[in-house]
Amino acid sequence: MQQAPIGKMRVYGCGGMGINIAAYFNNAAVEPNCAEVMPAYIDASRSNLRDDFNDEDIFVLENVDGSGKVRKENHAEISNVLRQILLQVEPADFNVVVFSASGGSGSVIGPLIMAELLERGHTAVAVVVGSDESIITANNTLNTLKSLEAISKRANLPVVMYYDHNDRDRRRSDVDAQLHLAISSLAVLSSKQNREMDTRDIANWVQFSKTTS
């Protein structure tokens with residue numbers, strides 16, 4: 001019997017934290033029974049980029065240089081280039097958008113990409129990290145979650161999210177490991193190698209409101 005084609009999963013790393021997590025899959029071999037993971041790196045500056053990234057996987061906003069944890073700083077500029085981002089790094093069968101809820105760039109880029117993917121009918125999951133080490137990061141985290149809620153209501157679709165939290169009692173490396181595990185698990189789910197589970201099953205698992213109340 002002919003084996004089903006391997007699924008493809010796009011991972012959009014948005015902002016510094018998102019890029020660091022997506023970089024874990026940079027040039028990685030396709031693991032058995034996993035989707036092909038294709039990372040992309042989206043930011044408002046080049047400070048978080050590595051020399052071994054492929055140029056076609058990078059999108060950096062022009063004429064800006066970071067957001068300095070101020071979410072509204074580059075909101076208009078990011079909104080204006082969403083179509084360009086998704087034209088350069090196209091969505092795949094399954095899409096994961098990774099970002100920090102507490103920063104300035106990723107917390108805007110990530111939700112806007114999620115909104116655009118949902119509007120286009122793509123299957124997408126958000127992988128999000130919040131924090132509360134300062135007033136501004138706590139407020140950013142809360143406001144980012146509110147933005148995701150507003151996106152869900154506007155699209156009349158659920159925003160499915162894996163959420164983790166940086167706190168004083170956990171090492172950052174431990175949180176990163178959990179995020180890598182979450183994304184790897186989604187690569188298994190979207191591999192097209194699972195018996196009795198096709199692409200529409202996965203899409204309806206994410207957009208569950210289409211099949212259940």
Side-chain angles (χ1 to χ4, degrees), residues 11-26 39-50 53 58-82 85 95-118 124-155 158-186:
V11 177
Y12 292 96
C14 305
M17 190 284 292
I19 287 174
N20 289 337
I21 297 301
Y24 178 80
F25 301 94
N26 187 52
Y41 312 100
I42 322 297
D43 208 351
S45 78
R46 304 191 68 87
S47 60
N48 298 301
L49 302 179
R50 296 189 337 206
F53 290 168
I58 298 170
F59 191 99
V60 179
L61 275 74
E62 297 180 354
N63 303 318
V64 298
D65 190 20
S67 301
K69 293 195 182 299
V70 180
R71 295 185 71 242
K72 65 180 180 179
E73 182 72 19
N74 296 312
H75 190 282
E77 290 81 357
I78 296 165
S79 296
N80 290 338
V81 295
L82 277 177
I85 292 172
N95 303 278
V96 180
V97 186
V98 192
F99 55 95
S100 167
S102 61
S105 297
S107 66
V108 176
I109 298 171
L112 287 175
I113 289 179
M114 277 295 297
E116 187 70 15
L117 290 172
L118 290 178
V125 170
V127 172
V128 186
V129 178
S131 65
D132 58 1
E133 71 271 16
S134 68
I135 292 175
I136 190 169
T137 58
N139 283 336
N140 282 351
T141 297
L142 179 60
N143 289 330
T144 301
L145 296 177
K146 288 181 178 179
S147 294
L148 292 170
E149 182 181 25
I151 288 167
S152 176
K153 289 181 178 179
R154 187 164 58 247
V159 171
V160 175
M161 173 176 61
Y162 175 88
Y163 180 86
D164 212 326
H165 197 82
N166 280 319
D167 58 45
R168 298 173 183 83
D169 299 326
R170 294 177 71 193
R171 293 179 299 180
R172 176 176 163 179
S173 59
D174 291 338
V175 176
D176 289 353
Q178 285 299 116
L179 301 180
H180 296 152
L181 176 60
I183 295 170
S184 297
S185 299
L186 292 171

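Given the structure is predicted, the values throughout are model-derived calculations rather than measurements.
- To the nearest 0.5 Å, atom CD of residue Glu133 and atom CD1 of residue Ile136 are 10.0 Å apart.
- Not counting sequence neighbours, the partners of Phe53 by the side-chain contact (heavy atoms from CB on, under 4.5 Å) test are Ile19, Ala23, Asn26, Tyr41, Leu49, Arg50, Ile58.
- Of all heavy-atom pairs spanning Ala126 and Val128, the tightest one is CB-CG2, 3.9 Å.
- For the pair Val159 and Leu118, the minimum side-chain heavy-atom distance is below 4.5 Å.
- No side-chain heavy atom of Asn95 sits less than 4.5 Å from a side-chain heavy atom of Val125.
- A pairwise comparison of heavy atoms in Ala22 and Val11 identifies CB-CG1, 4.0 Å as the closest pair.
- Checked by atom type, the side-chain pair Thr137/Ser134 shows a donor-acceptor distance below 3.5 Å.
- Val60 and Ala44 get closest at one heavy-atom pair: CG1-C, 4.3 Å.
- Ionic pairing of Arg172 and Asp167 is not present here: no N-O contact between side-chain nitrogen and carboxylate oxygen is shorter than 4.0 angstrom.
- Annotation: the span from Cys14 atom SG to Asn48 atom CG amounts to 12.0 Å, rounded to 0.5 Å.
- Note that CZ of Arg168 and CG of Asp132 are 6.0 Å apart. Values are rounded to the nearest 0.5 Å.
- Remark: Tyr162 OH is packed, more than 12 non-hydrogen atoms of other residues, nucleotides or ligands lying under 6.0 Å away.
- With values rounded to the nearest 0.5 angstrom, Ile109 atom CD1 is found 7.5 Å from Ile42 atom CD1.
- Residues passing the side-chain contact (heavy atoms from CB on, under 4.5 Å) test with Ser184 are Phe25, sequence neighbours excluded.
- Under the salt bridge (charged side-chain N to carboxylate O under 4.0 Å, His left out) criterion, Arg171 pairs with Asp174, not counting sequence neighbours.
- Here the shortest heavy-atom pairing between Gly15 and Asp43 reads CA-OD1, 3.5 Å.
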Could you give me the CA-CA distance, side-chain angles and deciding distance for Arg170 and Asp164, then say whether side chain to side chain contact (heavy atoms under 4.5 Å, CB included) is met? CA-CA 11 Å; Arg170 294 177 71 193; Asp164 212 326; 2.6 Å; yes
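- Ser105 contributes atom OG, which lies 12.5 Å from atom CE of Met17 (distance to the nearest 0.5 angstrom).
- Distance CD/Gln178 to OG/Ser185: 9.5 Å, rounded to 0.5 Å.
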Could you check Val127 against Phe99 for side chain to side chain contact (heavy atoms under 4.5 Å, CB included), going step by step and ending with a plain yes or no? CA-CA 7 Å; Val127 172; Phe99 55 95; over 6 Å; no
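- Contact check for Leu61 versus Ile78: side-chain heavy atoms found under the 4.5 Å cut-off.
- When all heavy atoms are compared, the tightest approach of Gly110 to Val97 is O-CG1, 3.6 Å.
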Give the C-alpha distance, both sets of side-chain angles, the deciding distance and a yes or no for side chain to side chain contact (heavy atoms under 4.5 Å, CB included) between Leu117 and Tyr12. CA-CA 11 Å; Leu117 290 172; Tyr12 292 96; 4.3 Å; yes
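- No hydrogens or angles considered: a donor-acceptor pair under 3.5 Å links the side chains of Ser131 and Ser102.
- The side chain to side chain donor-acceptor pair (under 3.5 Å) search around Arg154 returns none, not counting sequence neighbours.
- Among residues at least two apart or in separate chains, salt bridge (charged side-chain N to carboxylate O under 4.0 Å, His left out) pairs with a member in residues 97-118 are Glu116-Arg120.
- Residues His165 and Val175 share a closest heavy-atom pair of O-CG2, 4.1 Å.
- In this view, Ser152 satisfies the side chain to side chain donor-acceptor pair (under 3.5 Å) rule with no residue, not counting sequence neighbours.
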Side chain to side chain contact (heavy atoms under 4.5 Å, CB included) evaluation trace for Leu148 with Met161: CA-CA 9 Å; Leu148 292 170; Met161 173 176 61; 3.7 Å; yes
